[in-house]
Chemist: 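Attaching a single structure in structure tokens format; questions to follow.
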Amino acid sequence: FDSASYGGYIDKPVLGRSNVNRSNMLGGKLALRARIAPDWTIDLIALAQSTEADDSQYADRNGKPLESSARVPEGSKAEYALGQLVVSGRIGEVDLRSTTGVVAQDLREHYDASETGGDPRLFSQANDTRMIVHETRVWQSERHGFGWLLGASYTHNRTVLNRDFSSLLFDMRQAATGVRNTIDEFTLYGEASLHLTGPLTATGGGRFTHSRLGGDGEDMAPATQAFLVTSGVTAKRTMSRFLPSLALNARFSDQDSLYMRYQEGFRPGGFAIESNVVRRFQSDRTGTFEIGARHGRAGSSPFDLAMSLSYTRWQDIQADFIDGSGLPSTANIGDGRVWSASLSGGLLLAPGLRVELGATWNESRVDEPSAALVQYVLAPVGLAGATLSRADALRYVSARGMQVPNIARFAGHSALAWTHEVSEDWTLSANAWANYIGRSRLGIGPELGAPQGDYLDSGFDIRLGTAGHGVTLSVTNLADVRGNRFSLGTPFSTGREQVTPLRPRTLRVGLDARF
């Protein structure tokens with residue numbers, strides 16, 4: 001069981017309110033295990049959580065810190081529930097695990113949609129998701145240099161998005177176009193590893209996925225509905241993909257290894273809303289090649305070090321943008337690539353005192369923009385864009401810095417952990433950290449293309465207690481940085497850039513107990 005209440009820190013002077021965005025979280029988890037045979041167990045798991053925010057957490061980028069000029073109360077509520085059944089056991093030398101889960105999530109959000117010079121207006125959307133997942137896998141650990149794994153899974157997911165506008169002065173409500181997406185996904189997968197010679201082990205595998213996707217519009221105008229049906233946009237469709245994976249590992253000792261691997265992945269497409277039209281966006285696909293090296297075990301070895309270099313080719317990238325009616329939508333923006341390099345390590349400075357450092361560098365670019373992206377970027381140019389050749393249009397788009405959304409160029413992490421045994425039962429422990437989140441952008445276009453990130457997050461905590469109970473003192477956002485976690489508040493505001501700042505420096509005293 002877990003309950004938390006977080007104080008608000010955003011002011012709305014237009015409404016004469018301060019610290020409007022208090023949020024409350026209530027959750028719990030129940031887990032039961034029964035041993036039905038010497039090698040067989042059944043686990044039942046139930047989890048539920050409710051998170052409610054009284055108002056929004058964004059502020060004006062160029063106004064006073066932690067202040068929003070929104071004209072209406074906003075807020076959100078998310079409810080999540082999970083039920084899971086796990087059966088595990090052994091048949092001879094073969095292990096088996098079968099997992100079935102049911103998930104429900106309901107999200108309600110409200111945003112300021114007031115137009116300049118108009119009456120206060122509220123935009124509300126409800127996103128309801130229901131999912132059923134089953135997976136069964138069997139495997140045999142490495143014996144005589146050979147190991148294998150086989151599995152099958154099924155996923156059914158249904159998401160319904162409904163949206164509406166309401167006038168706070170005249171108590172009027174108008175439905176906006178929504179969308180319903182469904183997916184049934186069947187997957188067969190397998191993997192085998194073979195010890196070749198000396199330190200070398202090769203691993204190969206693959207996943208075959210067959211998906212049935214469907215969708216439709218919600219609350220559409222009759223004329224729009226008739227057009228979509230006759231054009232076939234709402235028809236169901238199927239897709240099949242095979243995703244291979246290959247790896248080569250050289251293990252020189254319990255502490256030292258080198259590896260290289262190749263792996264493919266994809267995200268299914270679906271239906272998105274653009275203005276009052278429901279349209280498709282395609283699945284996107286990735287192929288990643290990575291090489292790396294490791295020494296020691298993170299968190300336990302006196303000294304550990306890990307480094308890697310990877311290249312990802314990303315096709316038909318799915319990204320967000322703001323449509324002509326001011327609402328977020330999704331489209332395929334073209335093909336791109338991502339280079340990534342990471343370095344992390346830890347060192348035991350003294351008994352009970354450990355330091356960890358890490359850094360990640362990414363270089364990403366949409367190097368083959370889609371026609372939809374070119375048209376979207378050129379739209380503000382007007383007729384001048386229509387006269388450009390394709391080569392000139394591509395150069396114009398590239399000059400706008402087509403960085404792949406939500407990938408920061410640099411991120412860094414540092415942490416210091418200390419533990420001291422006060423007595424046989426009591427322990428004093430402390431942790432301090434400082435993380436740098438690099439600059440990125442949320443999506444494409446003038447609204448979602450605004451920068452986000454580029455801030456330092458720091459804090460520390462101290463705990464005195466036993467394994468069963470203790471008291472903790474913690475401080476978060478130690479440097480009291482404003483920052484920008486997310487470069488979008490309400491998409492309807494024009495001429496008012498927004499940021500989502502970090503929670504101000506917060507001091508917390510907590511009690512914990514285990515029963």
Side-chain angles (χ1 to χ4, degrees), residues 33 35-43 45 84-101 133-155 185-211 240-267 285-301 303-313 340 342 344-346:
R33 168 169 288 186
R35 187 171 296 278
I36 58 176
D39 293 329
W40 290 85
T41 60
I42 292 180
D43 293 282
I45 301 170
Q84 193 174 61
L85 170 67
V86 182
V87 180
S88 305
R90 290 176 63 88
I91 304 174
E93 299 297 328
V94 176
D95 292 285
L96 179 146
R97 176 173 294 174
S98 181
T99 303
T100 302
V133 181
H134 175 81
E135 179 189 59
T136 297
R137 62 170 64 184
V138 292
W139 72 95
Q140 186 176 52
S141 301
E142 185 176 324
R143 298 183 63 201
H144 309 297
F146 180 74
W148 56 269
L149 178 149
L150 293 173
S153 68
Y154 165 72
T155 301
E185 187 174 278
F186 305 84
T187 299
L188 297 174
Y189 60 91
E191 185 178 87
S193 61
L194 177 65
H195 179 236
L196 300 177
T197 180
L200 290 178
T201 298
T203 302
R207 302 173 65 91
F208 176 78
T209 298
H210 178 75
S211 303
S240 299
R241 296 208 179 278
F242 176 73
L243 306 173
S245 62
L246 299 168
L248 187 64
N249 186 70
R251 192 169 187 83
F252 302 104
S253 68
D254 291 339
Q255 299 290 316
D256 302 291
S257 63
L258 296 172
Y259 69 90
M260 58 182 178
R261 62 188 177 197
Y262 174 79
Q263 188 167 357
E264 294 186 6
F266 85 104
R267 292 184 298 179
R285 305 174 299 282
T286 62
T288 301
F289 179 78
E290 180 182 8
I291 58 174
R294 299 189 183 99
H295 170 76
R297 295 173 180 260
S300 60
S301 298
F303 171 68
D304 65 86
L305 184 67
M307 60 185 72
S308 68
L309 175 67
S310 67
Y311 171 79
T312 298
R313 188 63 190 172
S340 297
S342 66
S344 62

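Owing to the predicted nature of the structure, the values given are computational and were not obtained by experimental measurement.
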Chemist: Test side chain to side chain contact (heavy atoms under 4.5 Å, CB included) on Phe289 and Leu246; report intermediate values, then the result.
Modeler: CA-CA 9 Å; Phe289 179 78; Leu246 299 168; over 6 Å; no

Chemist: Calculate, to the nearest 0.5 Å, the distance between atoms NE2 and CG belonging to His144 and Leu194 respectively.
Modeler: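 His144 atom NE2 to Leu194 atom CG measures 13.5 Å (nearest 0.5 Å).
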
Chemist: Which distance, rounded to the nearest 0.5 Å, do you find between the CG of Leu85 and the CG of Asp43?
Modeler: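 Those atoms lie 8.5 Å apart.
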
Chemist: Answer with yes or no after comparing the ring centroid distance for Phe186 and Tyr154 against a 6.0 Å cut-off, counting only values under it.
Modeler: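 Aromatic pair counts; centres sit under 6.0 Å.
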
Chemist: About how many Å separate CG of Leu305 and OG of Ser344, when rounded to the nearest 0.5 Å?
Modeler: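 Spacing of OG (Ser344) from CG (Leu305) equals 7.0 Å.
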
Chemist: Please assess Glu290 against Tyr259 for the test side chain to side chain contact (heavy atoms under 4.5 Å, CB included), listing each intermediate value before the final yes or no.
Modeler: CA-CA 8 Å; Glu290 180 182 8; Tyr259 69 90; 3.0 Å; yes

Chemist: Return the minimal non-hydrogen interatomic distance between Leu258 and Ala293, and the atom names on each side.
Modeler: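 Scanning both residues completely, I find the closest heavy atoms to be CD2-CB, 3.2 Å.
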
Chemist: So, for Val138 and Trp148, which heavy atoms are closest and what is the spacing to 0.1 Å?
Modeler: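 What the structure gives for the nearest pair is O-CZ3, 3.6 Å.
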
Chemist: Which atom pair, heavy atoms only, marks the closest approach of Ala250 to Leu200?
Modeler: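 Looking at all heavy atoms of both residues, the shortest contact is CB-CD2, 3.7 Å.
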
Chemist: Would you say the side-chain atoms of His134 pair up with the backbone N or O of Gly101, donor to acceptor, closer than 3.5 Å?
Modeler: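 Side chain of His134 to backbone of Gly101, a donor-acceptor pair under 3.5 Å: no, none is there.
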
Chemist: More than 12 heavy atoms of other residues, nucleotides or ligands under 6.0 Å from CZ of Arg97: is that the case?
Modeler: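 Check fails, neighbour count at 12 or below.
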
Chemist: So if I apply the side chain to side chain contact (heavy atoms under 4.5 Å, CB included) rule between Ser193 and each of Thr203, Asn249, Leu149, which one comes out positive?
Modeler: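 For Ser193, the side chain to side chain contact (heavy atoms under 4.5 Å, CB included) test succeeds with only one of Thr203, Asn249, Leu149, which is Thr203.
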
Chemist: Please examine the side chains of Glu264 and Phe242, heavy atoms only from C-beta on, and report whether any two atoms are closer than 4.5 Å.
Modeler: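 When only atoms from C-beta onward are counted, Glu264 and Phe242 do not touch, as no gap falls below 4.5 Å.
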
Chemist: Roughly how far apart are Glu93 CD and Asp95 CG, rounded to 0.5 Å?
Modeler: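 Glu93 CD to Asp95 CG: 9.0 Å, rounded to 0.5 Å.
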
Chemist: The test is side-chain hydrogen bond (donor to acceptor under 3.5 Å, both in side chains); show your working for Ser240 and His210 and say whether it passes.
Modeler: CA-CA 4 Å; Ser240 299; His210 178 75; 2.8 Å; yes

Chemist: Specify the closest pair of heavy atoms between Gly296 and Asp304, including all atoms of both residues, with the distance to one decimal.
Modeler: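 Taking every non-hydrogen atom into account, C-CB, 4.1 Å.
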
Chemist: Restricting to non-hydrogen atoms, name the atom on Ser98 and the atom on Thr136 that form the minimum distance, rounded to 0.1 Å.
Modeler: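 Of all heavy-atom pairs spanning Ser98 and Thr136, the closest is OG-OG1, 3.0 Å.
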
Chemist: For residues Glu185 and Thr209, determine if any side-chain heavy atom of one lies less than 4.5 Å from a side-chain heavy atom of the other.
Modeler: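 In short, these two side chains touch, coming nearer than 4.5 Å.
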
Chemist: Is it the case that the side chain of Arg294 and the backbone of Arg297 share a donor-acceptor pair, with hydrogens and angles ignored and the cut-off at 3.5 Å?
Modeler: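 Absent.
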
Chemist: At what distance, to the nearest 0.5 angstrom, does OG1 of Thr312 lie from CZ of Arg285?
Modeler: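 Nearest 0.5 Å value for the OG1-CZ distance: 14.5 Å.
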
Chemist: Does the side chain to side chain contact (heavy atoms under 4.5 Å, CB included) test come out yes or no for Gln140 and Phe146, once each step is laid out?
Modeler: CA-CA 9 Å; Gln140 186 176 52; Phe146 180 74; 5.6 Å; no

Chemist: Report yes if the side chains of Arg137 and Tyr189 come closer than 4.5 Å at any heavy-atom pair, otherwise no.
Modeler: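 Side-chain contact under 4.5 Å: yes.
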
Chemist: Could you tell me whether the side chain of Phe266 reaches within less than 4.5 Å of the side chain of Arg207, counting heavy atoms only?
Modeler: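 The answer is no; the side chains never approach within 4.5 Å.
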
Chemist: For the residue pair Ser257 and Phe252, what are the closest heavy atoms and their distance?
Modeler: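 Between these two residues, the closest heavy atoms are CA-CD1, 4.4 Å.
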
Chemist: Are Thr155 and Thr187 close enough, and set up right, to give a side chain to side chain contact (heavy atoms under 4.5 Å, CB included), and what steps lead you there?
Modeler: CA-CA 9 Å; Thr155 301; Thr187 299; over 6 Å; no

Chemist: If I take atom CZ from residue Arg33 and atom CD1 from residue Ile42, how far apart are they, to the nearest 0.5 angstrom?
Modeler: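 Arg33 atom CZ to Ile42 atom CD1 measures 11.0 Å (nearest 0.5 Å).
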
